[in-house]
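Report on the structure given below.
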Amino acid sequence: MADANSSSGPQTGDSPRGFAFALMAYVLWGFLPFFMKAVSHIPAPEVVAHRIVWSVPLAGLVLVWLGRTADIKAALRSPRMLAMATLTAVLITINWGIYVWAISVGRTIETALGYYINPLFSIFLGAVLLKEKLSPAQMVAIGLAACAVAILAFDAGGLPWVSLGLCFSWGFYAFFRKTLPIGPNQGFFLEVLLLSVPALAYVIWLEASGGGHFGDTGMADVVWLLACGIVTAIPLMIYANGAKLLRLSTIGIMQYIAPTMIFLIAVFAFGEPFGTTKLIAFGFIWAALFIYSGAMLRGARAKRLAATELKPAE
């Protein structure tokens with residue numbers, strides 16, 4: 001899943017084509033729990049390994065089609081680029097692993113919470129690591145999110161580690177991903193290319209030891225595992241092409257589409273329990289996101305008005 005921090009830069013206007021791409025990506029991510037539930041009989045590490053392995057040819061074909069293979073060749077010759085890509089690749093693998101496992105064991109609601117908290121955690125990271133100044137609205141929103149986590153931790157007798165694990169792994173991924181001087185499509189291909197070596201070795205070992213699901217358990221599992229590359233690479237590629245055609249404020253609001261769909265699927269399709277405590281915690285989160293989004297939209301509107309006033313008359 002992606003957030004506002006992973007777009008290619010500030011936008012001056014929204015393109016209908018960009019909106020369509022981003023909406024398609026978020027809706028696909030929103031429906032992803034159905035796919036993950038369908039492969040829940042396969043261990044999460046194996047599913048993640050196949051997500052990586054089958055994403056490589058898809059992402060590679062896209063780069064060939066776009067004519068951007070030279071960027072990859074340059075990246076492979078840069079030790080610094082490879083080191084940073086390795087770090088982001090590890091973070092996204094952790095994120096995928098937690099997500100796949102959580103859905104397979106009936107903890108989909110916690111994944112929705114993690115992705116709801118993520119934009120607020122990104123703001124917090126900017127304040128701590130980049131010394132960015134927090135606005136009063138942002139401080140209130142972060143405080144409300146912290147209250148939600150505290151409520152869930154008190155009720156469960158421990159931290160909601162699934163939600164926090166997804167939030168932290170994606171937040172740090174987005175933060176470090178911005179340091180890679182390479183486009184989003186190229187960056188994704190570089191990450192899965194680096195991960196493909198251990199992932200392919202793991203898949204081969206599983207099949208050789210008789211513990212794999214690629215061929216030994218029927219054609220249905222083969223199709224599901226092959227499809228892992230499609231459900232991983234396609235939405236991300238679509239999103240990357242949409243984000244560069246939209247304002248950050250627009251992406252910031254649209255990123256709630258996926259966790260909202262995941263939440264609704266968890267409660268109404270998967271029948272996961274959603275008691276009073278979770279309702280109170282999610283109420284804090286929704287209030288925080290309302291405050292955060294309102295402040296972001298007001299700030300974007302003020303910038304547009306200021307730019308209009310400064311524009312010389314023709």
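Although no hydrogens or angles enter the test, the distance criterion places no donor-acceptor pair under 3.5 Å between the side chain of Thr232 and the main chain of Gly229. Panel note: side chain Ser293, backbone Phe290; no donor-acceptor pair is recorded below 3.5 Å. No donor-acceptor pair closer than 3.5 Å links the side chain of Glu46 to the backbone N or O of Pro43. For Gln186 (side chain) and Asp71 (main-chain N/O), no donor-acceptor pair under 3.5 Å exists by modelled atom type. Side-chain N or O atoms of Asn95 include one that pairs as donor or acceptor with a backbone N or O of Leu166 at under 3.5 Å. Thr88 contributes a side-chain N or O that, together with a main-chain N or O of Ala85, makes up a donor-acceptor pair within less than 3.5 Å. Looking at Glu272, its side chain does come within 3.5 Å of a backbone N or O of Thr108 through a donor-acceptor pair.
Between Val47 and Trp96 there is no side-chain heavy-atom pair separated by less than 4.5 Å. Looking at heavy atoms from C-beta onward, Leu289 lies in side-chain contact with Pro119 at the 4.5 angstrom threshold. In this structure the side chain of Pro181 reaches within 4.5 angstrom of the side chain of Met81, judged on heavy atoms. Contact of the Phe121 side chain with the Phe172 side chain is registered, since non-hydrogen atoms from C-beta on lie closer than 4.5 Å. Within the 4.5 Å cutoff, side-chain heavy atoms of Leu152 are placed close to those of Leu113. Side-chain contact check for Phe189 versus Thr69: every heavy-atom pair is 4.5 Å or farther apart. Proximity of Leu32 to Phe35: side-chain heavy atoms (C-beta onward) are separated by under 4.5 Å at one or more points. With a 4.5 Å cut-off on side-chain heavy atoms, Ile98 and Thr111 do not count as touching.
To the nearest 0.5 Å, the span separating CZ on Arg51 from OH on Tyr99 amounts to 8.0 Å. Summarising the geometry, atom SG belonging to Cys228 is positioned 6.0 Å from atom CE belonging to Met36; distances are rounded to the nearest 0.5 Å. Separation of atoms CG (Leu28) and CD1 (Ile238) is listed at 5.5 Å; rounding is to 0.5 Å. In this structure, CG in Leu225 is found 4.5 Å from NE2 in His50, a value given to the nearest 0.5 Å. Atom CG of residue Leu125 and atom CZ of residue Phe168 lie 8.5 Å apart, to the nearest 0.5 angstrom. Between the CD1 atom in Ile285 and the OH atom in Tyr292 there is a gap of 13.0 Å [rounded to 0.5 Å].
With Thr260 as reference, Tyr116 is the one residue of Tyr116, Tyr26, Trp286 to meet the side chain to side chain donor-acceptor pair (under 3.5 Å) rule.
A single hydrophobic cluster is not seen to contain both Tyr202 and Val56; linkage of ILVMFWY side chains at heavy-atom distances under 4.5 Å, directly or through other members, places them apart. Taken together through direct or relayed side-chain contacts under 4.5 Å among Ile, Leu, Val, Met, Phe, Trp and Tyr, Ile204 and Ile52 form part of one hydrophobic cluster. Cluster membership for Phe284 and Leu164, using ILVMFWY side-chain heavy atoms within less than 4.5 angstrom, is not shared. By the rule that hydrophobic residues join a cluster once side-chain heavy atoms approach within less than 4.5 Å of another member, Tyr256 and Val27 end up as members of one cluster. Leu195 and Trp205 fall into different hydrophobic clusters, where Ile, Leu, Val, Met, Phe, Trp and Tyr side chains are chained together by heavy-atom contacts under 4.5 Å.
In terms of heavy-atom proximity, Ala141 sits nearest to Ala288 at O-CB, 3.3 Å. In plain terms, the two heavy atoms of Ile151 and Ala281 that are nearest each other are CG2-CB, 4.4 Å. Of all heavy-atom pairs between Ala49 and Ala199, the closest is O-CB, 3.8 Å. Counting all heavy atoms, side chain and backbone alike, Ser209 lies closest to Leu206 at OG-O, 3.1 Å. The two residues Thr93 and Ala89 make their nearest non-hydrogen contact at OG1-O, 2.7 Å. Shown here for Gly30 and Ile265, the closest heavy-atom pair between the two residues is O-CD1, 3.2 Å.
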Given the rule in the side-chain contact (heavy atoms from CB on, under 4.5 Å) test, do Lys278 and Ile109 qualify, once you have shown the distances and angles that lead to the verdict? CA-CA 9 Å; Lys278 281 190 173 71; Ile109 288 178; 4.2 Å; yes
Go through the steps for Phe270 and Phe34 under the test ring pair (Phe, Tyr, Trp, His ring centres under 6.0 Å), then give the verdict. CA-CA 9 Å; Phe270 296 165; Phe34 285 121; 5.7 Å; yes
Verify side-chain contact (heavy atoms from CB on, under 4.5 Å) between Leu63 and Asn185, making sure each step is shown before the conclusion. CA-CA 7 Å; Leu63 290 186; Asn185 291 331; 3.9 Å; yes
Evaluation steps, side-chain contact (heavy atoms from CB on, under 4.5 Å), between Leu190 and Leu76: CA-CA 8 Å; Leu190 182 60; Leu76 292 174; 3.9 Å; yes
What do the steps show when you test Trp29 against Tyr239 for ring pair (Phe, Tyr, Trp, His ring centres under 6.0 Å), and what is the final call? CA-CA 10 Å; Trp29 277 320; Tyr239 169 83; 5.7 Å; yes
Passes side-chain contact (heavy atoms from CB on, under 4.5 Å), Arg177 versus Glu191? Steps please. CA-CA 10 Å; Arg177 184 65 178 77; Glu191 288 164 351; 3.3 Å; yes
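Environment of CH2 in Trp101: crowded, with over 12 heavy atoms of neighbouring residues, nucleotides or ligands closer than 6.0 Å. Heavy-atom contacts from other residues, nucleotides or ligands closer than 6.0 Å to CZ of Phe31 number 12 or fewer. Counting heavy atoms of neighbouring residues, nucleotides and ligands inside a 6.0 Å radius, atom CZ of Phe274 exceeds 12 of them.
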